[in-house]
Amino acid sequence: MRGTRKAGLALTAVAALTLAACSGGEPGTSDDEPAGGDSATEGGGSGEGLTIGIKFDQPGLGLQEGSEYTGFDVDVAKYVAEKLGYAEEDIEFVESVSSQRETLLENGSVDMIFATYSITDERKERVAFAGPYFVAGQDLLVATDNSDITGPDTLDGKVLCSVEGSTSAERIRDEHSEGVELYPAQTYSECVELLSAGTVDAVTTDDVILAGYAAQDEYEGQFKVVGNPFSEENYGVGLPQDNDVCEDVNAAITEMIDDGTWEELIAKNVGDNFSWNEELNPPEPQPCA
Ligand code: GLU
């Protein structure tokens, strides 16, 4: 995959984000290679490494704890990477917050993204998608004792936190903006802290993400997911537009569903706290454009 990437293989998450922020989306503006080089990306598989963008702060989906990465997105990424010929040690995980995903793909900081990343026509103007491999729905997280927020039509006068660059924030701005104050954060964990402090009335994003926060020990008993989803979020694998792997990624996703791994991975990662929509899941990958 190295040939498709221009910005240095071993960028740390911070460096990648700084680069993205500083470059204003211009590809390949830095040759910086942090100390340590790209040893993590050498050997095995096709002989090169694979840099994968994930979330670092979404329990059950993409979570970094020390040097460990866990969650459904991480497991799907590892499965797909293996089918593409990469061993686990060939993978470098890089944080990809919602607002940076297109830029990270465009400037070559990551080869692919598995980060609760909804396939949308607007995003397809800048990046390509394989998948989907999961369908979620936008929902609301509120304090357990909150009884007046029951869905998107009950938000009048409320302060809502969501994340910049997400479909969740965009939908609130486009469809539910009247009387709603949107607090834009960089990450959902930031939103959840604000909800815990009582600074906002609700957090809005995909139900599967919210369920992961509600189930965290540190927030035990504090929050509930409203359970009235008001969108369909098709999670795709983000790829650069000029990729040659989309078909192979789709084949891997199909195999993962057919061989029973999909079911195993979703149950293992989110099954204790969340019931996914069985009519919509597992989805069928769409043809690559
Ligand atoms: N799936 C939605 C999106 O891609 C919300 C979750 C997220 O921000 O990762 O924007």
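Atoms within each ligand, like the ligands themselves, are counted from 1 in listed order. Positions are given from 1, in the same order as the sequence printed here.
Contacts between S166 and ligand 1 below 4.0 angstrom, taking non-hydrogen atoms only, involve backbone and side chain alike. Contacts between A115 and ligand 1, counted as non-hydrogen atom pairs separated by less than 4.0 Å, involve the backbone only. Contacts with ligand 1 closer than 4.0 Å are made by side-chain heavy atoms of R123 only, the backbone lying farther away. Residue-level proximity to ligand 1 for R101 is carried by the side chain, the only part with a heavy atom below 4.0 angstrom. Of all the heavy atoms of D206, the ones lying under 4.0 Å from any atom of ligand 1 belong exclusively to the side chain. Proximity of Q138 to ligand 1, defined as any heavy-atom pair under 4.0 Å, is not found for any part of the residue. Of the heavy atoms in V163, none comes closer than 4.0 Å to ligand 1. With a 4.0 Å heavy-atom cut-off, ligand 1 is reached by the side chain of S98 but not by its N, CA, C or O.
Checking only distances, Y235 never comes within under 3.5 Å of ligand 1, N or O to N or O.
Grouping the Ile, Leu, Val, Met, Phe, Trp and Tyr side chains by contacts below 4.5 angstrom, directly or via other members, places L265 with I54.
A distance-only check finds a donor-acceptor pair linking the side chain of Q138 to the backbone of S168 [under 3.5 Å].
Near T116, with a cut-off below 4.0 Å to any heavy atom, the atoms of ligand 1 are 1 (N), 2 (C), 3 (C), 4 (O), 6 (C), 7 (C), 9 (O). For ligand 1, the atoms sitting less than 4.0 Å from at least one non-hydrogen atom of S168 are 5 (C), numbered in the order shown with element in parentheses. Distances below 4.0 Å separate heavy atoms of Y117 from the following atoms of ligand 1: 4 (O). If you number the atoms of ligand 1 from 1 as listed, the ones under 4.0 Å from a heavy atom of K55 come out as 7 (C), 8 (O), 9 (O). Distances below 4.0 Å separate heavy atoms of T205 from the following atoms of ligand 1: 5 (C), 6 (C).
For the side chain to side chain contact (heavy atoms under 4.5 Å, CB included) with C161, the qualifying choice from V200, D201, L195 is V200, the only one to do so. In summary, of the residues considered (D206, D73, T116), a side-chain hydrogen bond (donor to acceptor under 3.5 Å, both in side chains) with Y235 occurs for D206 alone.
Around atom CD of E181, no more than 12 heavy atoms belonging to other residues, nucleotides or ligands sit under 6.0 Å away. Counting heavy atoms of neighbouring residues, nucleotides and ligands inside a 6.0 Å radius, atom CD of E164 exceeds 12 of them.
For Y219, the ring-ring contact (aromatic ring centres under 6.0 Å, His included) criterion is met by F223, not counting sequence neighbours.
Residues F72 and F114 place their aromatic rings such that the two centres sit no closer than 6.0 Å.
Look at E170 and you'll find every heavy atom at least 4.0 Å from all atoms of ligand 1. Within the structure, the closest approach of I209 to ligand 1 falls below 4.0 Å when heavy atoms are considered.
Ring orientation note: the planes of Y69 and F56 are tilted relative to one another, at an angle of 30° to 60°.
In terms of protein heavy atoms, atom 2 (C) of ligand 1 is closest to T167 OG1, 3.1 Å. When hydrogens are left out, the protein atom nearest atom 7 (C) of ligand 1 is Y188 OH, 3.3 Å; that is the closest non-hydrogen contact.
Cluster partners of V135 are L280, counting Ile, Leu, Val, Met, Phe, Trp and Tyr whose side-chain heavy atoms approach within less than 4.5 Å, directly or via other members.
E95 has no carboxylate O lying under 4.0 Å from a charged side-chain N of K55, or vice versa, which leaves the two without a salt bridge.
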